[in-house]
Amino acid sequence: MSSHGTAPLTPQHVMPNQPLKYAAELHKTALAIGASGKGLLAADESTGSIKKRLEGVGKENTEDNRREWRDLLFTAEGKYEDYVSGVITFEETLMKHDSQLQDSKYKGQSFVEILKKRGVIPGIKVDKGTVVLPRTAPEETSTQGLDGLLERCQQYYERGARFTKWRTTYTVSESTPSTQAIEANAEALARYAAISQQAGLVPIVEPEVLMAGDFNIQRSMEAHIAAYSVLFQKLALHKVDLAGLVLKASMVVCGDKQGKATPEEVGEATIHALSKTVPPLVPTIVFLSGGFSDSESISYLNSINKVKQANPNRAPWALTFSFGRALQGVAMKAWAKGDIKDAQTKWVDRAKWSSAASQGKYNGECPS
Ligand code: 13P
């Protein structure tokens, strides 16, 4: 009894859950994202992020160029839908753009309709980017975007989206990621995930551990374990249904100033970090490519799946890709040279090899 004579409070998260309206649909979507041999195309670069990619190949960051680039990805003749379960889009792609390429058989149709017709699930990035966390040194960040999120999510569902993504980032150094950054970001990720589920959209929670820096693979593993442990506590606190959730994970690697780990080391370290922290109820884990080349990202994913196959009890989740740069980088260069067909072939090839890697069956075909 407290001094007021009331019973001690029962923590909310151990009380029986209120029913979640979309629970069955969320679970189905989370499973579909990680269906055997399939993964995601991350084409959700914000207008600021795609500027870097476009300018990197000599293209201006105009709305027309952003539309044309995504137009050629989505309307490719090659059957990327055999390898890709969903596409993460940015708002203007989902809500506004349609196909305008000259010889596109989809001309005039909205991108969201094209994806749906091809059996690919549309999703959308809903965070509003990172800001500096005050008084952190070295500087760390938190991610913005919770205000008005439910209303936005309801509009995206109405338009046809079935999942969302929210990205937080962690730097690794002797003193980071700090408890301050991990707690702040995990809290925001969990609140975002609860809101997304409320609107019927599977949340893809992305606590990205950045690879820039001077640290070994053991230190990266510690950072991943610290970030994931707090994330899953916060997800429980906010009553997020883990069966209707996808984790977007970074691969456990050494910092870029320490060279490159082998695919075998990355596979083992990544499975170790996940097996310590991610509940088996989560259906699907997808990996970002994080700035590694296409061939490296695909080899690492293959190795992760080989470790899983050697001992499936350690890794009960589907482990697949949600690559941005690894699927688009080489293709974007071909487009900048004026060859749309070649660009389309190059991206669909990378989707095919990533699909093989998600089954541990990749044979090294991607040129390095
Ligand atoms: P990369 O694969 O280029 O890292 O992008 C994936 C992504 O969506 C990061 O949020």
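If you're wondering where the values come from, they're calculated on a predicted model, not measured in any experiment. Counting convention: from 1, in listed order, for ligands and their atoms alike.
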Just jot down the ligand 1 atoms closer than 4.0 angstrom to any heavy atom of Phe323, in number order.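 Once the distances to Phe323 are compared, the set is 2 (O).
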
Can you name the atoms of ligand 1, numbered from 1 with element, that are less than 4.0 Å from a heavy atom of Ala42?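 Within the 4.0 Å cut-off of Ala42, ligand 1 contributes 6 (C), 8 (O).
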
Based purely on interatomic distance, does Arg53 place a nitrogen or oxygen under 3.5 Å from a nitrogen or oxygen of ligand 1?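 No, no N or O pair falls under 3.5 Å.
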
Which of these, Met211, Gln328, Arg167, Lys165, has its nearest heavy atom closest to atom 8 (O) of ligand 1?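 Checking each option, the heavy atom nearest atom 8 (O) of ligand 1 is found in Lys165.
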
Within the structure, is a non-hydrogen atom of Ser297 found at a distance of less than 4.0 Å from ligand 1?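 No.
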
Closest protein heavy atom (residue, atom, distance) for [atom]:
atom: atom 6 (C) of ligand 1; answer: Lys248 NZ, 3.2 Å
atom: atom 1 (P) of ligand 1; answer: Ser289 OG, 3.4 Å
atom: atom 5 (O) of ligand 1; answer: Gly324 N, 3.7 Å
atom: atom 9 (C) of ligand 1; answer: Glu206 OE2, 3.3 Å
atom: atom 4 (O) of ligand 1; answer: Gly290 N, 2.7 Å

For ligand 1, is any non-hydrogen atom under 4.0 Å from [X]'s backbone (N, CA, C, O), its side chain (CB onward), both, or neither?
X: Ala326; value: neither
X: Arg325; value: both
X: Asp44; value: side chain

Candidate list Val246, Ile304, Leu247, Ile204, test side-chain contact (heavy atoms from CB on, under 4.5 Å), partner Ile285, passing option: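 Only one option passes, and that is Leu247.
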
Check for me whether the distance between the ring centres of Phe111 and Phe74 falls short of 6.0 Å.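 Distance test on ring centres: under 6.0 Å, yes.
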
Tell me if the aromatic rings of Tyr22 and Tyr157 count as close, with their centers under 6.0 Å from one another.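 Centroid distance Tyr22-Tyr157: below 6.0 Å, so yes.
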
Please check: side-chain N/O of His27 versus main-chain N/O of Ala243, any donor-acceptor pairing under 3.5 Å?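 Side chain of His27 to backbone of Ala243, a donor-acceptor pair under 3.5 Å: yes, one is there.
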
Side chain to side chain donor-acceptor pair (under 3.5 Å) with Thr75: which residues, sequence neighbours excluded?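 Result, side chain to side chain donor-acceptor pair (under 3.5 Å) vs Thr75: none returned.
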
Please list, chain by chain and in numerical order, all residues satisfying side chain to side chain donor-acceptor pair (under 3.5 Å) with Arg66, sequence neighbours excluded.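 Result, side chain to side chain donor-acceptor pair (under 3.5 Å) vs Arg66: Asn61, Glu92.
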
Do we get Lys341 above Trp335's six-membered ring, with its NZ or CZ under 6.0 Å from the centre and within 45° of the axis?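 Ring-cation test returns no.
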
Glu25 with Arg162: basic N within carboxylate O range, under 4.0 Å: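 Here Glu25 pairs with Arg162 in a salt bridge, since their nearest N and O are under 4.0 Å apart.
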
Under 4.0 Å between a side-chain nitrogen and a carboxylate oxygen: does that hold for Lys352 and Asp349?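 Yes, charged N to carboxylate O under 4.0 Å.
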
